[in-house]
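Report on the structure given below.
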Amino acid sequence: MLDTPPGYQTLTEQTLTDFLAEDESNAKLLGGKPSDWKINEVGDGNLNLVFIVRGPSGGLVVKQSLPYLRLVGESWPLPLNRAFFEAEALAAQWKHAPNLVPQVFKYYPKMYCIIMELLEPHIIMRKGMIDGIEYPQFAEAITEFMAATLFETSDLAQDTHTKRAGVKMFSGNDTLCKITEDVIFTEPYMEHANNRWTAPYLDDYAKRWRDDKDLAVGISRLKQKFLTCTEALLHADLHTGSIMITKTDTRVIDPEFAFYGPIGFDVGKLIANLIISYFSQAGHEQQPGERDQYRRWICDTIIQVWNGFRTKFLERWRNVQSVNAYPNALFEGPAGEAALEAERIAYMDALFTDSLGFCGASLTRRILGIAHNIDLENIADERQRANCEARTLEVSRLLLTNTSGCTSIDDVVALLERQHATKDCF
Ligand code: ADP
Ligand code: SR1
Ligand code: MG
């Protein structure tokens, strides 16, 4: 048993009723008597316990840190305070992007647990995409979420004291940052006990990824940026498994990896997960071509995600009163405004390049690293899965080594379509 601080107890479906009943606000929200409350542990993520509780008047979610990584077990201890950072990040995100995250009702520091809004009938977006469901409102919502949370926590919106206090606080989330440093930016490019892949098909790919020094340079440059850049408060695990969705509502959950880092990490990870879904569709169709229309929807969504994010981020920048990083006094008059506008465009171009690199990193880690995605894992036919994965890895390599030739999001989609049209590897 791992040591835990006084006051902490891992909750169970049995002990949760008493814990909730102690606080009048929970009892009021759920209604009825504690014996009427129905509790289910539904955590399907890699790290924590998640309970859904329903009473006669309403429902709520209880998310509690375990003292270890759920995916692996007690042999991989983890700090409990990730729940604190998740609660803080959710509060900041709610402030800047209300109704695009679940509302936090209360954080219990000694139990490292968050009581939050129950999202229903939402489902995890990754699951919906495996079933080929289109989400017409998604791009609008996610671009608002990213533009609002990333712009408003950057030096383009925050004053220096607020920004530095945020950087200081979230630098306490260092163990979760270190997980990302290891499992995304290092292990997939070396021999490591954590790695796995669809063997034997991808054995040669895994060896190529270990031997290729252009990849070593590409991924290390990105790691350097991840380690040193404190551009904005990131969600830092922004993938389709961290999005709960219906046709008309989108919510981003699970920001426990939050820290001040490079904006491109959030944008690139999200686009990577849309790309993984794109290449995995071949493994979910009964007849080749059956999901062509769905692939088209994913491509359109990828284009809307980048373009919408860029437009909304720029809009916020153009409308802000004063920017700490670009002082008004330096950009007065028409010449100043023209220079500043050119700089805004250059900033977004650099952000696009960053995003593509981090996108490449997020593709490889899901195929050669420790934590895989059900989009690909659910493809039972291993040869077919390996074909989907090989196409994804080819795109990943081009992005990581900056050899894709993509200078626009339309180029990225054209690359995906060319790759989709290639002959199967296996
Ligand atoms: P982890 O941090 O372990 O990855 P998640 O935050 O991803 O945990 O949550 C695990 C699962 O719990 C999600 O996949 C989702 O099904 C469910 N869940 C989490 N938060 C909510 C919520 N607010 N409302 C409804 N279900 C939720
Ligand atoms: C040990 S890796 C676990 C992964 O799960 C989370 O969702 C993050 O993506 C992390 O890298
Ligand atoms: Mg999580």
Side-chain angles (χ1 to χ4, degrees), residues 39-54 58-73 75-78 80 82-83 85-87 89-90 93-94 99-106 112-128 130 173 175-188 192-196 226 234-246 249-259 265-266 268-270 272-273 276 358 361-366 368-374 377:
I39 299 180
N40 288 305
E41 206 280 315
V42 297
D44 59 359
N46 291 331
L47 277 82
N48 304 292
L49 288 173
V50 179
F51 300 89
I52 290 182
V53 187
R54 288 192 177 83
L60 51 79
V61 160
V62 182
K63 178 166 178 179
Q64 186 185 36
S65 295
L66 288 164
Y68 54 85
L69 183 82
R70 184 175 182 155
L71 176 71
V72 171
S75 63
W76 190 323
L78 274 188
L80 294 165
R82 60 189 188 273
F85 294 109
E86 176 160 349
L90 282 170
Q93 290 163 349
W94 182 272
N99 299 311
L100 291 172
V101 295
Q103 191 171 7
V104 172
F105 297 143
K106 191 154 178 178
Y112 297 92
C113 110
I114 304 170
I115 311 264
M116 68 178 109
E117 179 183 358
L118 169 63
L119 301 172
E120 61 181 359
H122 302 62
I123 60 165
I124 289 289
M125 185 178 185
R126 193 187 295 295
K127 294 183 179 167
I130 291 170
N173 207 10
T175 305
L176 270 72
C177 290
K178 176 76 165 78
I179 291 179
T180 302
E181 290 157 28
D182 292 341
V183 305
I184 298 188
F185 295 107
T186 312
E187 291 170 8
H192 198 285
N194 283 341
N195 292 338
R196 64 187 178 86
F226 183 86
L234 307 188
H235 176 285
D237 201 17
L238 188 55
H239 53 71
T240 49
S242 297
I243 295 168
M244 296 198 71
I245 196 159
T246 68
D249 193 47
T250 298
R251 306 291 188 105
V252 178
I253 64 165
D254 195 18
E256 69 191 309
F257 283 77
F259 78 112
F265 186 69
D266 268 5
K269 200 181 237 218
L270 177 69
N273 279 264
I276 289 172
F358 287 118
S362 303
L363 295 174
T364 283
R365 64 83 52 118
R366 293 294 186 188
L368 301 180
I370 181 174
H372 291 215
N373 282 353
I374 54 170
E377 293 292 280

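Nothing fancy with the numbering, it's 1 onward along the sequence. Just follow the structure's listing: the first ligand is 1, and inside any ligand the first atom is 1.
Counting heavy atoms closer than 4.0 Å to ligand 1, residue N48 contributes atoms from both its backbone and its side chain. In N194, neither the side chain nor the backbone holds a heavy atom less than 4.0 Å from any atom of ligand 2. By the criterion of a heavy-atom distance under 4.0 Å, the side chain of M244, and not its backbone, is placed next to ligand 1. Of all the heavy atoms of R366, the ones lying under 4.0 Å from any atom of ligand 2 belong exclusively to the side chain. Of all the heavy atoms of L119, the ones lying under 4.0 Å from any atom of ligand 1 are found in both the backbone and the side chain.
Residue contacts with ligand 2 do not include E187, since none of its heavy atoms lies under 4.0 Å from the ligand. Not a single heavy atom of T180 sits less than 4.0 Å from an atom of ligand 2.
At least one side-chain heavy atom of F257 sits less than 4.5 Å from a side-chain heavy atom of I179. Counting only heavy atoms from C-beta outward, the side chains of V50 and V61 approach each other to under 4.5 Å. Taking 4.5 Å as the limit, some side-chain heavy atom of E181 sits within range of a side-chain heavy atom of C177.
Remark: ligand 1 atoms within the under-4.0 Å shell around heavy atoms of E256 are 1 (P), 2 (O). Short contacts between ligand 1 and N46, defined as distances under 4.0 Å to a heavy atom of the residue, involve ligand atoms 3 (O), 4 (O). Using a 4.0 Å cut-off to heavy atoms of V61, the atoms of ligand 1 that qualify are 22 (C), 23 (N), 24 (N), 25 (C). Taking every non-hydrogen atom of M116 and a distance limit under 4.0 Å, the qualifying atoms of ligand 1 come out as 23 (N).
No salt bridge links R126 with D44; every basic N to acidic carboxylate O contact stays at or beyond 4.0 Å. Ion pairing of E256 with R70 is absent here, as no side-chain N (NZ or NE/NH1/NH2) approaches a carboxylate O to less than 4.0 Å. Using a 4.0 Å cut-off between charged side-chain N and carboxylate O, E377 and R196 make a salt bridge.
Between the choices R251, E117, K63, the shortest heavy-atom distance to atom 6 (O) of ligand 1 belongs to K63. With distances taken over non-hydrogen atoms, the option nearest atom 9 (O) of ligand 2 out of D237, L238, D254, I370 is D237.
At least one N/O-N/O distance between D44 and ligand 1 falls below 3.5 Å. Between R365 and ligand 2, at least one N/O pair is under 3.5 Å apart. For ligand 1, the polar-atom distance check against V42 finds no nitrogen or oxygen pair separated by under 3.5 Å.
If you run side-chain hydrogen bond (donor to acceptor under 3.5 Å, both in side chains) between D254 and each of K63, H235, H239, only K63 comes through.
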